[in-house]
Amino acid sequence: MDYQKILREIEVEINALPDDGTVANYIPELAKVNPDRFGIHLTTVRNEHYAVGDSEVKFSIQSISKVFSLAMAFSLLGEKLWKRVGVEPSGNPFNSIVQLEYEHGIPRNPFVNAGALVVVDVLLSELKDPKGDLFAFVRSLTGSKDISYNPVVAQSEKETGHLNTAFVHMMKAKGNIVNDADDILEFYYKQCSIEMNCRELAEAFLHFGDNGLAYTHAGFSLTMSQVKRLNALMLSCGFYDESGQFAFKVGLAGKSGVGGGIAAVYPEEFAVAVWSPRLNKKGNSVRGFHSLELLTTKSESSIF
Ligand code: DON
């Protein structure tokens, strides 16, 4: 498969599209990014690498980070984790509070904000140095030491994250949060403001798709069955109320973030990351989504 040729074709087709979508502006610091950035990196289980555009430029990974913290919490708690967070698509925006109230403070899945906040609560309870462990884990997955968070973005999120504060307090009132609300939010904003480039994301996600390799990173181990479950969650819940569309049009397990990144996995073949900051109304990258649709169409490599 000539992935490099396919990526070049995608870049040409994407550049010819109108500038649909807008950069995330509910986090003021994220609104400062150049909306025209575009990059893709694809890496295969044979350690081949293909890239176009701004694939080496770091960006805010935002909700893509929820896959990393979930992998750690799943490794720590195993099946017990699913007593505190569900595994069903929400059919709702990532920051919707309505469902959380009538479902008694148990978030639908670990990728809506409320679910990711429960996952953080687990990490704070189970680990002595959760922040150190998160960075060690992500660095181990990518093989790169050069990964950290952007404190200015974290602060910007903290100042405007009133709904996230509401989620934590509602869940605490309903008995599904153990730790101090401010500690949870502090960790969550650091996690969301991690900066990575497309290559690092593709390398990290390849571990979720390479069933031939033992999954142990920085002391966190997952069985092959657990890795499959992470993929199932990405497929069914990774794009919030657009997860059905992503499965329908792209057909890969993946996760988006409001920084404009999407990382996706074609198990036993490749992982790919794409970045374009303009988002659609569901909070997913317009060009990122379309690029991956073109990729699976041109390479005939969807999981279905
Ligand atoms: O809490 C928030 O709203 C952001 N830190 C993360 C949201 C996000 O990336 C949703 N993804 N598409």
Side-chain angles (χ1 to χ4, degrees), residues 21-33 58-70 85 89-97 99-100 107-121 134 149-171 177 181-182 184-196 201 205 233-246 250 253-264 273-289 292:
T22 42
V23 299
N25 51 16
Y26 75 102
I27 300 171
E29 218 25 61
L30 284 187
K32 296 183 181 165
V33 72
K58 300 224 189 217
F59 60 92
S60 196
I61 68 167
Q62 292 295 319
S63 285
I64 300 174
S65 68
K66 294 172 183 172
V67 183
F68 301 137
S69 50
L70 173 63
V85 57
S90 66
N92 272 310
F94 59 87
N95 54 3
S96 167
I97 200 163
Q99 205 165 39
L100 190 62
R108 267 289 167 109
N109 66 65
F111 296 145
V112 289
N113 287 6
L117 290 160
V118 169
V119 167
V120 169
D121 191 44
L134 173 68
Y149 74 98
N150 182 329
V152 182
V153 173
Q155 182 61 27
S156 182
E157 292 207 50
K158 192 175 171 176
E159 283 163 17
T160 52
H162 308 296
L163 265 174
N164 290 328
T165 308
F167 292 137
V168 179
H169 284 284
M170 186 195 282
M171 291 192 290
I177 286 288
D182 289 340
I184 293 170
L185 291 163
E186 186 85 24
F187 185 96
Y188 173 74
Y189 294 132
K190 286 188 177 129
Q191 167 196 312
C192 288
S193 62
I194 290 176
E195 296 187 327
M196 292 168 75
L201 275 173
F205 272 68
L233 282 167
M234 283 196 266
L235 182 83
S236 55
C237 313
F239 299 83
Y240 314 107
D241 44 343
E242 207 172 27
S243 300
Q245 282 283 351
F246 193 82
V250 178
K255 184 74 204 77
S256 63
V258 293
I262 298 178
V274 53
W275 174 44
S276 168
R278 287 194 189 89
L279 310 178
N280 63 22
K281 291 205 164 57
K282 311 274 186 184
N284 297 315
S285 168
V286 176
R287 291 183 167 201
F289 194 125
L292 295 178

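Order of listing sets the numbers, starting from 1, for every ligand and every atom in it.
The minimum heavy-atom distance between Leu292 and Ala264, with the atom names listed, is CD1-CB, 4.2 Å.
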Can I get a per-line list of side-chain donor-acceptor pairs under 3.5 Å for residues 161-170, giving both atom names and the distance, sequence neighbours left out?
from   : atom 1 : to     : atom 2 : distance (Å)
Asn164 : OD1    : Asn113 : ND2    : 3.1
Asn164 : ND2    : Tyr189 : OH     : 3.3
Thr165 : OG1    : Gly161 : O      : 3.2

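Stacking of Lys282 on the aromatic ring of Phe239 is not recorded, the 6.0 Å distance cut-off and the 45° axial limit not both being met.
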What are the atom names and distances for all N or O pairs under 3.5 Å between ligand 1 and the protein?
from     : atom 1 : to     : atom 2 : distance (Å)
ligand 1 : 1 (O)  : Asn113 : ND2    : 3.1
ligand 1 : 1 (O)  : Asn164 : ND2    : 3.0
ligand 1 : 1 (O)  : Tyr188 : OH     : 2.7
ligand 1 : 3 (O)  : Tyr26  : OH     : 2.6
ligand 1 : 3 (O)  : Asn113 : ND2    : 3.2
ligand 1 : 5 (N)  : Gln62  : OE1    : 2.7
ligand 1 : 5 (N)  : Glu157 : OE1    : 2.5
ligand 1 : 9 (O)  : Ser63  : N      : 3.1
ligand 1 : 9 (O)  : Ser63  : OG     : 2.6
ligand 1 : 9 (O)  : Val258 : N      : 2.9
ligand 1 : 11 (N) : Ser63  : OG     : 3.2
ligand 1 : 11 (N) : Tyr240 : OH     : 3.2
ligand 1 : 12 (N) : Gly283 : O      : 3.4

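Counting only N and O atoms by type, the side chains of Ser63 and Tyr240 include a donor and acceptor under 3.5 Å apart.
Under the 6.0 Å cut-off for aromatic ring centres, Phe94 and Phe111 do not qualify, their centroids lying 6.0 Å or more apart.
Between Trp275 and Phe59, the ring planes lie parallel to each other; the angle is under 30°, not in the 30° to 60° tilted range.
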